[in-house]
Each structure stands twice: as C-alpha cells, then as structure tokens.
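First listed ligand is number 1; within each ligand, the first listed atom is number 1.
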Amino acid sequence: MSEKFIPLSEPQISGNEWKYVKECLDTGWVSSAGVFVDRFEKTAASYLEAKYAVAVVNGTAALHTALLVAGVKPEEEVLVSNLTFVAPVNAILYCRAYPVLMDADPKTWQMDTTKVEQFLEEECELREDGCFNKKTGRRISAIVPVHILGLGCAMDKIVALARRFLLKVVEDAAEGMGVRYQGRHVGTFGDIAAFSFNGNKVMTTGGGGMVVTANKQYADHARYLTTQAKDDPSEYIHNAIGYNYRLPNVLAAIGLAQLEKLESFLMKKRESAKFYQEALQDEQEITPMPMPKDCEPTFWLYTILVTGKDSGKRRKAIIQYLHKNGVEARSLWHPIHNMPPYVRFQAYQIEHSMPLYENAICLPSSVGLTTEDLQKVVAVLRQGLKSIRA
Ligand SMILES: *Cc1c(COP(=O)(O)O)cnc(C)c1O
C-alpha cells in the first residue's frame, strides 16, 4: 500500500485563486473594501438562491451577527443542537443569552425535531408576547438548527414549530454549503443563516463566513453591525456597539475562485461517499452515514459509527490504528451538555448525543482524494476493525 499520508480534509486551490489574489495585490485593494467582496457576496447569494449575503471574517462571527440581527437579547434563551461544533453555542453566549441544548436524532444525527416539539409543548408557555420556558421564566427567542456533516436538518418541521411558538430561526449552515433539503439550499429556510469558509469546510477563504437572509432590513443591519456600526462615517458617530467583522477583499478573492469550483468539489465529495458506502456495506461492525429523508447531502465529512460491544473504546483504538497507518481520521465533537463551561445550561432529554459521539469516526473526505487513496482508507479501516475486535 502507498506510504502517502492521507489527511482528513484538505482544501483544493486549483482555479482562479492566484489570479484574483494577484489582482488585489496589484491594485492595493486588500482590505475590507473592494470589488471582490461585492462579487463574492453576489455570486454566493445567487448560488444559494438567497436574496442577500454579507461576507464576514468567519463562521462564528456570522453566527454572532445573525443572532444579534434576529433580535436575540441578553437573558433570553435559544434552542440549539447539542451534537455540534461548539461555535453556535458560544455565539449564543456572546449575546449574553442562554443556550438550551437539544438532543440529536439517532436516525439523522441532526437536531431531534420530535424532542423540540415536545419541549415547546410541555416545558414552555406560549403567550402573546412570546414563548416562555416554564422552568426558568425566560423568553425563548430563537432556535439554531445546526446542519452537521453535510446533511440537513428537517427544516419544514423546524420552521413550522418556530412559527407556532414565535421563535426566530437562525440556521447554522457552516458545514452545509451546497446541501439541499426538499430541493432548497439549507440556509434559506430560516430568518437568517450563517456559513463558514474555514480551511476544512467544503470551500474556503482561509478564514471566512457569510450571513445569508431574504430580509433586506436584516441584511442592512448585518452590514451595519459588522462594520463598527458607523452612523456617520465621516464624523465617526456610532449609535450602537458594532464589530469589526467584515471579510477582507483579498480573502473574498479566494472565496470567489472557490465558489466557481464548488459544484465540482461537491460532486467529488458525493463520489467519495458513494465509494465508502459501497466498499463498506458488508462490514458488520459499522453503521454507515445516514441519508436523511428529503435531503441532498454533500457529505462534508463522511462519518461512520462503530457498533457492538465496547464500541466507544474500539472507536478510539481504530482512529489510532488509522493514524499509525497513514490515514487521518477523527472523532465527532464531544457533545456540549457535559463539558465544563456548559454544564450549567439546560439540556433537554439528552440520550443519543453521547453514543453518537462515542462511536463515530470521520473518514478522509478531501476533494483531492484519488481512488487509490479511498481504497487505502477502506483497507486500513478493515484491518483496524479486524485487529480491534469486540
Ligand atoms: C466550522 C463551524 C462553525 C464556525 O465556523 P468558523 O469559520 O470556524 O468560525 C460553526 N458551526 C459549525 C457547525 C461549524 O462546523
């Protein structure tokens, strides 16, 4: 087998990145104004079939901005997925609001909408001025479904519940660029959404993010807050506390070039997922990644579950085995509810987040993977499963 190390998720720079960045450098337009910011936003909005897009410095800043724009206030509560990268929970805390953690559905790994419904119906009180948590007395102002791993949450159900209980929907689509649910891009169902262009996402600007919305006032407010809330730019008059969150032109230039290649990136991700699915279908000791109903996934990171006795312990040993044999694999994120900074927040009937985390292995999913690379990953994984038996 080849000696080449196979990384988890590497960006691919093979389009107009050099050309566009050179244009920025040659003209001196490198900072937070310039034609590429505008072109990147317009092209992203058009790709997503969304009305407005505001480019920002990273996905976490996009989430923070989206929550502020959606009107999340200090002392309010926000429902959020428990099985997620930590960023959306932190963004809620930056607003000085309280996260309420929602379990993952074992069938889709996404936010469990049945539990969300049960929580809202049984644990909350709907009044004319909003939805209130009976336990804490605090108003619940928003819900943040996190589309994880290049699959999509059940947005029809989430939007319907949000309407009924007067919640704003802030989608975390950081991992969801290109994922469609019922034919529509995730990130265009809620009131506002956040995307990320970090180095390991399906497309990258090095570091970057995007706020997406169909609401012009929201888009204008996002632009205002992310550029230091300048009410009079020449006199430096500010009527709100703003942030320096706008994406520099030189990074937008990379983003535009990546966006031009996005469809080919996604095709490759889907091909790799199909390869893994077919090559591993006879393996008794793993469960493949789910294919949620109504969803066109991108498989940002192709992820499997180890099954059987001592699956959590074996999962760790198998990841180590893969590393030792030149294949980078990793675990899912540790669920939020029982990590030190977050234990004090309410978590509703968490059952499936921990087992999913304990058993999951994310396999190499770079766009540049060759057939030999994929064959090697499968071969090493099979050896690992055989040598680390239950
Ligand atoms: C990557 C990621 C983010 C944060 O994006 P950054 O650009 O790294 O700040 C937010 N949410 C999820 C689910 C992510 O995977």
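A heavy-atom distance below 4.5 Å is found between the side chains of Ile140 and Leu79.
Aromatic ring pairs are classed by plane angle as parallel below 30°, tilted from 30° to 60° and perpendicular above 60°; the pair Tyr20 and Phe36 is tilted. Taking the six-membered ring where the residue is Trp, His334 and Tyr357 present tilted rings, their angle falling between 30° and 60°.
With salt bridges taken as basic N to acidic carboxylate O contacts below 4.0 Å, none links Asp310 and Arg314. A salt bridge links Arg164 with Glu121; the closest basic N to acidic carboxylate O contact falls under 4.0 Å.
Ligand 1 places these atoms under 4.0 Å from at least one heavy atom of Ala174: 2 (C), 3 (C), 10 (C), 11 (N), 12 (C), 14 (C). Here is the list of ligand 1 atoms found below 4.0 Å of a heavy atom in Gly208: 7 (O). Here is the list of ligand 1 atoms found below 4.0 Å of a heavy atom in Asn58: 7 (O), 9 (O). Using a 4.0 Å cut-off to heavy atoms of Gly59, the atoms of ligand 1 that qualify are 5 (O), 6 (P), 7 (O), 9 (O). Counting the atoms of ligand 1 from 1 in the order shown, those under 4.0 Å from a heavy atom of Val146 are 13 (C).
When each of Glu76, Glu75, Glu77, Glu125 is paired with Arg139, the salt bridge (charged side-chain N to carboxylate O under 4.0 Å, His left out) condition holds for Glu76 and for no other.
By the 3.5 Å distance cut-off applied to N or O atoms, Trp333 is not counted among the residues near ligand 1.
Regarding atom 11 (N) of ligand 1, its nearest protein heavy-atom neighbour is Asp172 OD2, 2.7 Å. Nearest protein heavy-atom neighbour of atom 5 (O) of ligand 1: Ser196 OG, 3.2 Å.
For the residues Leu63, Thr60, Val86, the heavy atom positioned nearest atom 9 (O) of ligand 1 is part of Thr60. The residue among Gly207, Ala87, Ala91 with a heavy atom at the shortest distance from atom 10 (C) of ligand 1 is Ala87. Evaluated by nearest non-hydrogen atom to atom 1 (C) of ligand 1, the leading choice among His147, Met210, Glu175, Lys201 is Lys201.
Atom NZ of Lys19 sits about 11.5 Å away from atom CD of Glu17, to the nearest 0.5 Å.
If you check the side chains of Tyr321 and Gln383, you find a donor sitting under 3.5 Å from an acceptor.
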